[in-house]
Amino acid sequence: MTQHTLHSAPVDALRHDWTVDEVVALLNLPMNDLLFKAASLHRQYFDPNAVQISTLLSIKTGSCPEDCKYCPQSAHYQTGLQKEKLIAIEKVIAQAEAAMASGATRFCMGAAWRSPTDRDMPLVVDMVSKVKAMGLETCMTLGMLSDSQAETLAEAGLDYYNHNLDTSPEFYGEIISTRTYADRLETLQSVRNSGMKICSGGILGMGEQESDRASMLVELAKLTPHPESVPVNMLVKVAGTPMEQIEDLDPFDMIRAIAVARIMMPSSHVRLSAGRENMNDEMQAMAFFAGANSIFYGEKLLTTNNPEANTDRQLFQRLGIHPEGRDTVPPVSAWAPDNCPKRPHQDFYDATSKLGA
Ligand code: SAM
Ligand code: DTB
Ligand code: SF4
C-alpha cells in the first residue's frame, strides 16, 4: 500500500484563488453546515484524532523596536515585561529536553527582533543544529529574513520558519507601522526559496471586521504552496499594550475562522495557537472538530501563559485525541478503528499519571 506523507494530497485539489466574497460566504454558513464541511475535509487529509504538539521558548525577550499594537514585547509600550538578551545555548537545550520529555515533537524558538543581525546568526544556527540533533523538529520566529539568512537557517537544519501575516492587508496599517505587509510577504518568499516549511497565520480579536478575517485567509491561501502550518491566534490582551481594552472576540467567530482555514488549506496544519487560556474545554473541542490539529503545549507561550501541560494531557485523554507522530501518516483508507496505527504517544499519557492526574 502506498504511504502518503502528510502533504502528499493531490496538489490540483488545492486552491489559491479564493475571493473575499466566497470566504465571507463560508464564514456565514450555518454553523452546523460549516463544521460538517470542515470536519469532512479534515478527515480526508489527516487523522482527525491526532494533534501535533509544539513547545515555544522565548530566546530573546522584550525591547523590540517594532510597534505591533498587540505585542507585550514592543519597546513602544510599558507592559512591565522582564526583558532578556539572547539566552545561552545551555538554557535552550535544557528547555528542549524538558519539552521532549513531556511529549512535544516540535520546538519553536522566538526572538523579539525586527530581524536577526549578522552577530546573532551563528548563535541561532547553533541552537537549531543542537535542538535538531536531539530528534526534535525545529521552528524559529526571528522577524524578517534576507534570502541569505533563510538559506543559512535551512542549511543548519531548521524545519519551519514562523512569520505571520497577522491580519488583512486592509487592516494591517491599524496594527503595525514599522514594517509593511509587503515586507512580510518578501520574508515568506525567502523562506520558501530556502526550502524550509512555512508557518504563517494571524491574530483574531484585534477589532477587525469579518471581511478582514476573510481577506487574511485569502492572502494565506494565495501562498503557493500553502503554508504547511497556519497558526490562528486569539489575541492575548496584555496590560500596557494599546489592545488591552479591546472587545472580546465571539468564540464562535474563532471557530468559524478555523473551520474556513481548514476548508481553504485542507492539507495544512491549522494551529489553535495563542489564547487558549481564555478558551474553555468545550470551545477547544469544537476547534479540533472544526479542523485545528496543532497546539502550543507547555505552560508558557513566549511571554504569556498557556494551559499547563497536564491540563492539555487530560483534555486530550477526555477527547480521545493523541499527539501526532513525526513523519508520515498512512493513507486515509487505513484509518479504520481496527488498523488505526498506534502513535508513539504512550509516554505522553504516562506523564499524566506520573503527575497524579
Ligand atoms: N518578532 C518576530 C516577529 O514578529 O516576526 C517573532 C516573534 S512575534 C511575538 C510572533 C507572533 O506572535 C506575532 O506575529 C503575532 O502573530 C504573535 N503574537 C504576539 N503577541 C501576541 C498576542 N498578544 N496575542 C496573540 N498573538 C500574539
Ligand atoms: C504564533 O503565531 N503564535 C506564537 C508563535 N507564533 C511564535 C506566539 C504567540 C505569542 C503570544 C504572546 C506572548 O506570549 O508573548
Ligand atoms: Fe517585535 Fe515580533 Fe512583538 Fe512585533 S510581534 S513587537 S516584531 S516581537
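Atoms within a ligand are numbered from 1 in the order they appear, just like the ligands themselves.
Between Leu302 and ligand 2, a contact under 3.5 Å exists for at least one N or O pair. Taking distance alone, with nitrogen or oxygen atoms compared against 3.5 Å, Cys71 stays at or beyond that limit from ligand 1. At a 3.5 angstrom cut-off on N or O pairs, Gln73 does not count as close to ligand 2. Taking any N or O of Arg184, backbone or side chain, none lies under 3.5 Å from an N or O belonging to ligand 1.
Ion pairing of Asp281 with Arg318 is present here, as a side-chain N (NZ or NE/NH1/NH2) and a carboxylate O approach within less than 4.0 Å. Under 4.0 Å is where a charged nitrogen must lie from a carboxylate oxygen, and between Lys197 and Glu137 no such pair does.
By the criterion of a heavy-atom distance under 4.0 Å, the side chain of Asn164, and not its backbone, is placed next to ligand 2. By the criterion of a heavy-atom distance under 4.0 Å, the side chain of Asn233, and not its backbone, is placed next to ligand 2. Under 4.0 Å from ligand 1, the heavy atoms of His163 that appear belong solely to its side chain. With a 4.0 Å heavy-atom cut-off, ligand 1 is reached by the side chain of Leu302 but not by its N, CA, C or O. The proximity of Cys68 to ligand 1, defined as any non-hydrogen pair under 4.0 Å, does not occur for either the backbone or the side chain.
Shown here is Glu186, whose CD atom has no more than 12 heavy atoms of other residues, nucleotides or ligands within 6.0 Å. Within a 6.0 Å radius of NZ in Lys37, no more than 12 heavy atoms belonging to other residues, nucleotides or ligands are found. Within a 6.0 Å sphere centred on CG of Asn280, other residues, nucleotides and ligands contribute more than 12 heavy atoms.
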- request: With salt bridge (charged side-chain N to carboxylate O under 4.0 Å, His left out) as the test, would you mind laying out the steps for Lys91 and Glu84 before giving the verdict?
  value: CA-CA 13 Å; Lys91 273 198 188 172; Glu84 200 172 8; 3.0 Å; yes

field: Audit row: Gln189, Asn193, side-chain contact (heavy atoms from CB on, under 4.5 Å) steps and yes/no
entry: CA-CA 6 Å; Gln189 192 56 56; Asn193 293 345; 2.9 Å; yes

query: Passes side-chain contact (heavy atoms from CB on, under 4.5 Å), Asp248 versus Asn278? Steps please.
result: CA-CA 10 Å; Asp248 277 345; Asn278 293 315; over 6 Å; no

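Scanning the protein for heavy atoms near atom 4 (C) of ligand 2, the closest one is Phe296 CE1, 3.6 Å. Looking only at protein heavy atoms, the nearest one to atom 27 (C) of ligand 1 is Ile203 CD1, 3.7 Å. Looking only at protein heavy atoms, the nearest one to atom 15 (O) of ligand 2 is Thr303 OG1, 2.7 Å. For atom 21 (C) of ligand 1, the closest non-hydrogen atom of the protein is Tyr70 CD1, 3.7 Å. The shortest contact between atom 7 (S) of ligand 3 and any protein heavy atom is with Glu66 CG, 3.4 Å. Shortest contact from atom 12 (C) of ligand 2 to any protein heavy atom: Thr304 OG1, 3.6 Å. The closest protein non-hydrogen atom to atom 11 (C) of ligand 1 is Asn164 ND2, 3.7 Å.
If you number the atoms of ligand 1 from 1 as listed, the ones under 4.0 Å from a heavy atom of Trp113 come out as 1 (N), 2 (C). Taking a cut-off of under 4.0 Å to the non-hydrogen atoms of Ser74, the atoms of ligand 3 that pass are 6 (S). Atoms of ligand 3 lying under 4.0 Å from at least one heavy atom of Ala112, given by number and element, are 8 (S). The ligand atoms of ligand 2 that sit less than 4.0 angstrom from a heavy atom of Pro231 are 2 (O). Interface atoms of ligand 2 facing Leu301, defined by a heavy-atom separation under 4.0 Å, are 14 (O). Near Thr141, with a cut-off below 4.0 Å to any heavy atom, the atoms of ligand 2 are 7 (C). Residue-ligand proximity, Ala111 to ligand 1, at heavy-atom distances under 4.0 Å covers atoms 1 (N), 2 (C), 6 (C), 7 (C).
Residue contact check for ligand 2: Tyr70 places no non-hydrogen atom closer than 4.0 Å to it. For Arg179, the closest heavy-atom approach to ligand 3 falls below 4.0 Å. Under a 4.0 angstrom heavy-atom cut-off, Pro72 registers as being in contact with ligand 2. Residue contact annotation: Ser273 has a non-hydrogen atom under 4.0 Å from ligand 2. Note on ligand 2: Asn162 sits in its first shell, one or more heavy atoms being nearer than 4.0 Å.
Among Lys69, Arg184, Arg179, the one residue that satisfies the salt bridge (charged side-chain N to carboxylate O under 4.0 Å, His left out) test with Asp166 is Arg184.
Relative ring orientation between His226 and His16 is described as tilted, the plane-to-plane angle lying within the 30° to 60° band.
Between the side chains of Thr167 and Asp212, not a single donor N or O lies within less than 3.5 Å of an accepting N or O. There is a side-chain donor-acceptor pair under 3.5 Å between Thr117 and Asp120.
Nearest heavy-atom pair, Ala50 versus Asn293, reported as atom, atom and distance to 0.1 Å: O-CB, 3.8 Å. Taking all atoms of both residues into account, the shortest heavy-atom contact from Asp147 to Ser190 is OD1-OG, 2.7 Å. Minimum heavy-atom separation, Asp312 to Gln284: OD1-OE1, 4.5 Å. In terms of heavy-atom proximity, Leu301 sits nearest to Leu56 at O-CB, 3.5 Å.
In this structure, CD in Glu66 is found 8.0 Å from OG in Ser74, a value given to the nearest 0.5 Å.
Under a 3.5 Å cut-off, the side chain of Asn233 and the backbone N or O of Ser273 do not form any donor-acceptor pair.
Considering each of Asn162, Asp166, Thr187, Thr141, the one bringing a non-hydrogen atom nearest atom 15 (C) of ligand 1 is Asp166. Residue Val236 holds the heavy atom nearest to atom 25 (C) of ligand 1 of all those in Val236, Leu56, Leu142. The option from Lys69, Lys60, Arg179 that lies nearest to atom 3 (C) of ligand 1, judged by heavy atoms, is Arg179. Residue nearest to atom 2 (C) of ligand 1, selected from Cys199, Ser115, Gly143, Gly202: Gly143 (by heavy-atom distance).
Ile89 and Met140 fall within a single hydrophobic cluster, where Ile, Leu, Val, Met, Phe, Trp and Tyr are joined by side-chain heavy atoms under 4.5 Å apart, directly or via other members. Under the 4.5 Å side-chain heavy-atom criterion for Ile, Leu, Val, Met, Phe, Trp and Tyr, Val270 and Leu204 are members of the same hydrophobic cluster.
Put simply, atom 2 (Fe) of ligand 3 has no protein non-hydrogen atoms near it, under 4.0 Å away. There is a protein heavy atom less than 4.0 angstrom from atom 23 (N) of ligand 1.
Within the 2.8 Å limit, Cys68 places no N, O or S atom next to atom 1 (Fe) of ligand 3.
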